[in-house]
Amino acid sequence: MTDAVMNAGRVAFQADGSTGARKGVQVNRLDGGLIKGGKPLNFTFDGKRFKGFEGDTLASALLANGVRLMGRSFKYHRPRGVLTSGSEEPNALVELRSGGRQEPNTRATVAELYDGLEANSQNRWPSLQHDFMAINDRFSNFLTAGFYYKTFMWPAAFWEKLYEPIIRKAAGLGSISFEADPDAYDKGFLHCDLLVIGAGPTGLMAALTAGRAGAQVIIADEDFLLGGRLNAETFGIGDLTGAAWVEQAQAELASMPNVRVMPRTTIIGAFDHGIYGAVERVSDHVLAPEAGKPRQILWRIYSKRAMLAAGATERPIAFENNDRPGVMLAGAVRAYANRWAVTPDQTVAVFTNNDDGHRTAADLIAKGVKVTAVIDTRAAAPKVEGAELFAGAQVVDTKGRLGLEWARVRLASGTTRDVPCGALAVSGGWNPNVHLTCHQRGRPAWREDIAAFVPAGDLPQHMSVAGAANGDFSTAAALRAGAEGAVAALSELGIEAKISDLPEAEDAPINVTPFWYVKEGKGRAWLDQQNDVTVKDVKLAHQENFRSVEHLKRYTTLGMATDQGKTSNMGGLAIMAELAGKQIPEVGTTMFRPPYTPVSFGVMAGRSVGEDFRPTRKTPSHKWAEEQGAVFVEVGQWLRAQWFPRAGETHWRQSVDREVLQTRNSVGICDVTTLGKIDVQGKDAAEFLNKMYANAFAKLPVGKVRYGLMLREDGIAYDDGTAARFAEDHFVVTTTTANAVLVYRNMEFARQCLFPDMDVQLISTTEAWAQFAVAGPNARKLLQKVVDPEFDISNEAFPFMGCGEITVAGGCRARLFRISFSGELAYEIAVPTRYGDAMIRKLMEAGEEFGAVPYGTEALGVMRIEKGHAAGNELNGTTSALNLGMGGMVSKKKDCIGNTLSEREGMNREDALKLVGFKPVNAADPVQAGAHLMNASGEVSAATDQGYITSAAYSPVLGCSIGIGFLKRGDSRKGEVIRAVNPLEGREIQVEVVSAHFVDPEGERLRG
Amino acid sequence: MIINHPILGPRDFQEFTYLGDASLIDRPDWQADNAADQFHDYLYLRDNPAGEHRELWFHEQGDRSWLVVTRNTVTHEILNVELARDVARARGRSK
Amino acid sequence: MGKFDNHGLKAISPLGGHEPRADTFTGLLIREVTDRALASLAARQGQAEAVKSTAASYLGGSLPEPASWNANGVFAAWWMGPDLWMVSAPHDSHELMAADLKQAVGDAGSVVEQTDGWCRFDMEGPRCFDVLERLCNANVRSGKAGDATRTSMEHLGVFLLCQTPGQGYSIVGPRSSAASLHHALVAAAKSVI
Amino acid sequence: MRYSGLKVIKEALTGHKGWRPTWRDPEPKKSYDVVIIGGGGHGLATAYYLAKNHGITNVAVIEKGWIGGGNVGRNTTIIRSNYLLDGNEPFYELSLQLWEGLEQDFNYNAMVSQRGILNLVHTDAQRDAARRRGNAMILNGSDAELLDTDGVRAMYPFLNFNDARFPIKGGLLHRRGGTVRHDAVAWGYARGADLRGVDIIQNCEVTGFKIENGKCLGVETTKGFIGANKVASCVAGSSSRVMEKAGMRLPIESHVLQAFVSEGLKPVLDGVITFGAGHFYCSQSDKGGLVFGGDLDMYNSYAQRGNLPVVEDVMEGGMALIPALGRVRMLRSWGGIMDMSMDGSPFIDKTHIDGLYFNGGWCYGGFKATPASGWCYAHLLATDTPHKVATAYRLDRFRRGCMIDEKGQGAQPNLH
């Protein structure tokens, strides 16, 4: 018999007119409440159709329909109902929506009802009513805290193979659909004088006070309805009801342009220097977001001052079987009745240790709900009208398999009484919501009069706390604290705010007598309902010396559930304090950390998903390359043409080989814009570059380019490039694509911090110029057709390593550099980027008669390996100039970054790695980058490792695969045959050690 | 964190790139007899206090100023911000 | 896109078109701006005052203060860093501005052509605040005309120049990422409007 | 007391009255043979192996707070031996082998779970580097497999193979890598050491060293002076703070690293996976939470808490790699203090002060190193010679120019 049916039965027998007209099929719907307009909404839970009203949460709607069973617990799979009416809910977790929008572990208490809402229970099989895993409950005695640390150890192999798979399958709560989330998320940034966190009486009063003073105010609340507890209580403010006062306040705030009211917005964390993270749920209360609109927004709020007015959270009392569906917090029961016009059942009992619990009884009675008893742990409990009071009594047990049926009460007299009730409203007092005050490691302080922790002095900078969050529980105190807090915060900013006459409001003390758990009974009394942590577990932790609160938490998992212990931690440490014979403050609390409530991956990622994960940088010839059908590759954030397939080419190697051969035989063109370009000017530019580069630059003539190697201060080579001198006081430096930003940063460091009075100015021009390499025997002939005739680029007038400013295509300003990465007669020509597209077309057109080809990064790589030029794979951050065979370049005659430490013995060993080339002995064997080098014979091991291959490629010129890499004493081992081993892929080949300059070792071509 | 830039006022630390101990300004003389030891200490032995720390930040997504920020590494409170160039000059790095 | 080719090479815009792109929304216009020439001007060591005065006479007005920009006749300039400014002028008439500016400041300053290092999108209309607060951390709502803020949008460093608070802004970003920047601006606009 | 399934059943049937404290809380003696500063994983492991391997049981582990409260209690629980360099890989391979027998050895189920770790590659250069690394691992006796895109897809079909900004081109799979229940490591070593007579002294902070003519004679603590023949510092993120009391400057910076856990989920990820084009790595705990992390916050810090931009960066990486995580919620974040060394590799060495030893510089690799660190530190303390797999972890290596720089970033701790 399902829970709903059981209730239906109970209602039928109680149908005595106490139910309201609006109730319809909603057996537990009452009259009144704040259900706006009463617009009916349809929804399903586990496939069953229900009706609720606009303004409902999933939890209130389910209760209204007589559904108390909403979930199963984590470990014992105990039947569970809703415990709370807010974001602290540990039990009523559901899978909301389906497909890519399926959302595990959504708290029914904060899920706003919308028409068509689809929810399913989780962590149960085959059904919520009949859960196979509930078998665990039978063995609970074996499954105590930390039992798994003591067993499952034999045989060792069984852990991964047997025990763990079972545990993993059983563990976890909700499930994901594995489909991509179809919704968009935004990020945004807000600034304010005062951020008010929480829109209850405290927060609203603070916002009104600050807003009236003209300050920039943001007030945020996680609820979709402002007002906090005012919506859950019956008492009024001034001569208005609480709700009416809230509406009035909200209207006034809305009328102020300097105030931003943000409902459905949770402040998730307090970060350094007044920065707060906030998540606004923009579309979670509708079936799906509007096209283009976000589901949620992550706001980063920069506040000058912040006031925490987050209210308080009620705490339960632990007693045997206190976890049955129907056992709820008293304040939650009251909230459901007063705000949502819902009672969890037609018969309710109350169990409390403070006066606040009595309000629940009074409000329910006023709404015609039968209150079967008020059980108060205090002998001197206040009188109750309309219900039986048991003073000095305790609830010692409950019954009801899938829902509470009655509670057993131990009376002051010592006798027991079974009290029938479908719901038990429990109040153990209230805990101020201090969480955000602890995000910067502040520790709360204990306040005896309310038996709770309150924020201490060590708050985050510029944060204040007011109202219930500060332990001031009465409405009057809250209004006062909100107003005064706002005035104080603003006065620190030099903004004068005034406190207008505060309205009259209830000012009742809470009168709580601490009572944490009922000692009677051999069964289990739950503290952490989601993680199934009971009083017994705490006792066991104490017995086994897990006594520090952190050990207690980690050993028992107390407070580690999705609610982070909002309703459970306090009880746990109170009991630990008692067992350890300490005061609660001595035991202390665990650390509250962000986020306040769980935050989706989606909103934290914002728009940075899929192709937009990071920006894309396109080269000037991108559009043209696309037209050519180029294959593109990611190089950092750049997209570069990798090769240009031609009709009939079925394998990328065919395209790359063609590009290489045609370049070496005639001419090829490559977009090299991505190389970093830094413009260096000033009287001391040359001297500055002398410091930056390992080799000398001071004497580089104007009109010349020089290759340069840059070291880190530790003597490791980290970048190379060229510097072209356009004038005595003007250089243009190129960097590798990967290090453009780093080199620019390091140069700025040297300029500002090391040599602050050198006359040097730096600026990046990487993007300003479209630069193309034109390489091959016909490069000059091609360029002569493009470069304006007044510029003589003959070998004599414009020799190797020359540079100059010229014009092309009839007057377009350009820069020409005669440098070569390919080893061919080659130039790099640069035009303003906007002309890059036209330039590549012009170059290709001019090259037609030579059969000019465009080549991509693959061919570029092949040609540089054929020339033995170091690139990223060789400049891997662990190689020195010595390793690269450029030791001689490091000038000993001058100071430069890195030269001193490059002389350390460990970097100058006689068996140091040296960059050399490798040719396969059997020409058919592929040389592979990442293979390790071993001597021709002997064992293959780490101990005998001789080095590794850094880069490899098929050389169409040599007709075989070749590689370059680092070999111990490599420079003195030319001609030696060694092994390149790749056990990772089960390969081993013989290679001959050769010069890394495979093609044109003498470098005649580039000078021709 | 918010870094109070001497020229631009409060800026989000996200705009900055962190380097570390401000003593990296004090690059030793390459011609000193014990230059190797001095460079070793300069590069590898950094201040790492739990408390006030003078450190280099680069406003890379901003005006490209290098700053010397005095920050408490326990509380993250920032006590002082200077232009690194001024600090370097004050420490005698002018030619 | 107007004439800026006095030679055989035809320019394309940062977004790859031959005409600047424009996207309109209710209360917002986002348009690509391609008709400005740019040059950076840096003062030589100890020459800040000299640069300011010589530049002033070339520009017909003083160089802007930190974190701001100004306009003088056809010229405009924004502050980029200590002793460093970006100067702009109409491209058609000033494609070679860098050379002229260098002439004007002589040895007091270093000038570098920057025209094609950047892309620029202007955002106009009453919804600017709402869209910009989804893009960058600049405190635009309390900003004023003449503000020049370096900030970042979707991982891209940009200059945000305020023409009219809440009504008109220029967003200047790296040219190679123009498509990504444009996509970010349009996505934010769609999200808000 | 020996833990076993039978013992659990027996206790269950007799009201769990027989369980005794997992470790004692003794008052400190006047002096010990060895005083270990720091009751974290490494300190407790060192004590355990001193007793077990070397029969040295007159040992105290001094902990400022509660044991296991440092990085062993706040990490992403990953174990692996997928290092590149000769100075590192043999050490981490020894560590992995020790993990493999650990639970039976110290009779505590730390849930050592070798479900594999997959490092994704997104470029050809990354594949070349992965091949070099994989070969180095195999040559050092570890395991590695190089997967292509389809190989990765077969393991994790829900990764982004559709519109990824940086497409997945393969990955380096280390099947013996995996995860361990981190707290249990500290408790298991504590229990094992305690059973062998080691004194574990909580809530006892070292306030100074007693050093006379070049010899360390013991430590001043909040519980008074404790004499020792040998004092062994083992305090990770607090290394600079503690060694400063002995007048030492270290090639170490302390940085904050954040880590995160999601709400509990039914099985999503079997093994550990690391994104190669952003800062994100992730595994799933036996309890169901996704445990994930990314890069450092980048600035020196002892605050044990992080900042928002890094949270965003990490979760952007998560979404880029696994688009199906969109609705999954991050439940909790935390920050630990990482003792970042100048080359990203650790130190296990004597100091220039006689009788004072140092273990630190673990960066964020300390957890996986716990057994080998304890093993090798105990070896050094017992024999005064470095263990053969830890010979490179010397404090003077920078002076000699013998850096062990896995990432090739140079003397920039926050980039390691």
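Values below: all heavy atoms of this structure, side chains included; hydrogens, waters and symmetry mates excluded. Here is the naming used below: chain letters follow the sequence lines, and residue numbers restart at 1 for every chain.
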Structural part of A:Leu901 lying under 4.5 Å from a heavy atom of chain D
neither

For A:Gln440, which atoms come within 4.5 Å of any heavy atom of chain D: side chain, backbone, both, or neither?
both

Less than 3.5 Å apart, any donor N or O on the side chain of A:Gln564 or D:Arg332 sitting next to an acceptor on the other?
yes

Is D:Tyr108 close to chain A through its backbone or its side chain, or both, or neither, when contacts mean heavy atoms under 4.5 Å?
both

Considering only heavy atoms, which portion of A:Val633 lies under 4.5 Å from any heavy atom of chain D: side chain, backbone, both, or neither?
side chain

Find the distance between CZ (D:Phe398) and CZ (A:Arg904) and round it off to the nearest 0.5 Å.
8.5 Å

Should we say atom CZ of A:Phe178 is surrounded by more than 12 heavy atoms from elsewhere, each under 6.0 Å from it?
yes

So D:Trp66 and A:Arg554, side-chain contact (heavy atoms from CB on, under 4.5 Å) or not? Walk me through it.
CA-CA 12 Å; D:Trp66 41 280; A:Arg554 290 153 186 264; 3.6 Å; yes

With a 4.5 angstrom heavy-atom cut-off, could you sort out which part of D:Ala144 is near chain A: side chain, backbone, both or neither?
both

Heavy atoms of D:Ala130 and A:Leu984 approach each other most closely as O-CD2, 4.3 Å

Kindly indicate whether the side chain of D:Arg305, heavy atoms from C-beta on, has any atom under 4.5 Å from the side chain of A:Arg441.
yes

Cut-off 4.5 Å, heavy atoms of chain D, and the answer for A:Thr562 is both

Looking only at heavy atoms, which two atoms of A:Val599 and D:Met315 are closest? And how far apart?
O-CE, 4.0 Å

Are D:Arg327 and A:Thr106 side-chain neighbours, meaning at least one heavy-atom pair lies under 4.5 Å?
no

Can you tell which part of A:Glu179 gets under 4.5 Å to a heavy atom of chain D, answering side chain, backbone, both or neither?
backbone

Could you walk me through whether D:Lys266 and A:Gln122 satisfy the side-chain contact (heavy atoms from CB on, under 4.5 Å) test, starting with their C-alpha distance in whole Å, then the side-chain angles of each, then the deciding distance to 0.1 Å, before giving a yes or no?
CA-CA 10 Å; D:Lys266 290 301 177 191; A:Gln122 54 186 41; over 6 Å; no

Dump the intermediate steps for ring pair (Phe, Tyr, Trp, His ring centres under 6.0 Å) on A:Phe546 and D:Trp23, then the final yes or no.
CA-CA 9 Å; A:Phe546 291 95; D:Trp23 64 89; 5.4 Å; yes

D:Thr22 versus A:Asn545, closest heavy-atom pair with distance
N-CB, 4.3 Å

If you round to the nearest 0.5 Å, how far is CZ of D:Arg131 from CD of A:Gln928?
4.5 Å

Between A:Pro104 and D:Leu265, is there a side-chain heavy-atom distance shorter than 4.5 Å?
yes

Measure across A:Arg168 and D:Gln284 and return the closest heavy-atom pair with its distance rounded to 0.1 Å.
NH1-O, 3.0 Å

Return yes if a side-chain donor-acceptor contact under 3.5 Å exists between D:Arg165 and A:Ser608, otherwise no.
no

Residue pair D:Ser113 / A:Glu164, side-chain donor-acceptor N/O under 3.5 Å
yes

Contact class of A:His439 relative to chain D, heavy atoms under 4.5 angstrom
backbone

Decide, yes or no, whether a salt bridge links A:Lys150 with D:Glu11 under the criterion of side-chain N to carboxylate O below 4.0 Å.
no

Chain D contact via A:Ile167 - side chain, backbone, both or neither, heavy atoms under 4.5 Å:
both

Considering only heavy atoms, which portion of A:Asn876 lies under 4.5 Å from any heavy atom of chain D: side chain, backbone, both, or neither?
both

With side chains defined as the heavy atoms from C-beta onward, is the minimum distance between A:Phe142 and D:Ile9 less than 4.5 Å?
yes

D:Glu263, part contacting chain A, at a heavy-atom distance under 4.5 Å:
both

Among A:Pro594, A:Pro595, A:Pro598, find the one that has a side-chain contact (heavy atoms from CB on, under 4.5 Å) with D:Met330.
A:Pro595

Spacing of CG belonging to D:Asp343 relative to CG belonging to A:Asp714, to within rounding of 0.5 Å
10.0 Å

Which distance, rounded to the nearest 0.5 Å, do you find between the OG of A:Ser951 and the CG of D:Asp128?
6.5 Å

Are A:Phe601 and D:Phe292 close enough that their ring centres sit under 6.0 Å apart?
yes

Which atom pair, heavy atoms only, marks the closest approach of A:Phe613 to D:Ala277?
CE2-O, 3.4 Å

Give, as side chain, backbone, both or neither, the part of A:Tyr718 having an atom under 4.5 angstrom from any heavy atom of chain D.
neither

For A:Arg712, is it the side chain, the backbone, both, or neither that has a heavy atom closer than 4.5 Å to a heavy atom of chain D?
side chain

Do A:Glu611 and D:Asn160 touch side chain to side chain, with heavy atoms closer than 4.5 Å?
no

Heavy-atom distances under 4.5 Å only: say whether A:Arg97 touches chain D with side chain, backbone, both or neither.
side chain

side-chain contact (heavy atoms from CB on, under 4.5 Å) for D:His16 and A:Asn141? Distances and angles first, verdict last.
CA-CA 9 Å; D:His16 297 284; A:Asn141 215 11; 3.7 Å; yes

Can you tell which part of A:Glu95 gets under 4.5 Å to a heavy atom of chain D, answering side chain, backbone, both or neither?
neither

Could you check whether any side-chain heavy atom of A:Asn531 comes within less than 4.5 Å of a side-chain heavy atom of D:Lys287, counting everything from C-beta outward?
yes

Relative to chain D, which segment of A:Ala561 carries a heavy atom at a distance below 4.5 Å: side chain, backbone, both, or neither?
backbone

Answer yes or no: is there an ion pair linking A:Arg547 with D:Asp25, defined by an N-O contact shorter than 4.0 Å?
no

Between A:His551 and D:Ile67, is any pair of side-chain heavy atoms under 4.5 Å apart?
yes

Whether A:Arg607 and D:Glu316 form a salt bridge (side-chain N of Lys/Arg under 4.0 Å from carboxylate O of Asp/Glu) is what I want to check.
no

Report which part of A:Arg295 has an atom under 4.5 Å of a heavy atom belonging to chain D: side chain, backbone, both, or neither.
side chain

Does any part of the side chain of D:Thr123, heavy atoms only, come nearer than 4.5 Å to the side chain of A:Glu634, both counted from C-beta?
no

Which heavy atom in D:Ala324 sits nearest to a heavy atom in A:Ile176, and how many Å separate them?
O-CD1, 4.1 Å

Value rounded to 0.5 Å, distance of CG in D:Asp183 from OH in A:Tyr149
6.0 Å

Testing the 3.5 Å rule here: is there a donor-acceptor pair between the side chains of D:Arg181 and A:Tyr148?
no

CZ (A:Phe152) and CG (D:Asn109) are apart, to the nearest 0.5 Å, by 8.0 Å

Closest-packed option against chain D by number of heavy-atom pairs under 4.5 Å, given A:Thr616, A:Val940, A:Asp612, A:Val603
A:Thr616

Using non-hydrogen atoms and a 4.5 Å limit, figure out which bit of D:Lys10 sits close to chain A: side chain, backbone, both or neither.
neither

List the steps and the verdict of side-chain contact (heavy atoms from CB on, under 4.5 Å) for D:Asn135 and A:Val981.
CA-CA 8 Å; D:Asn135 282 319; A:Val981 302; over 6 Å; no

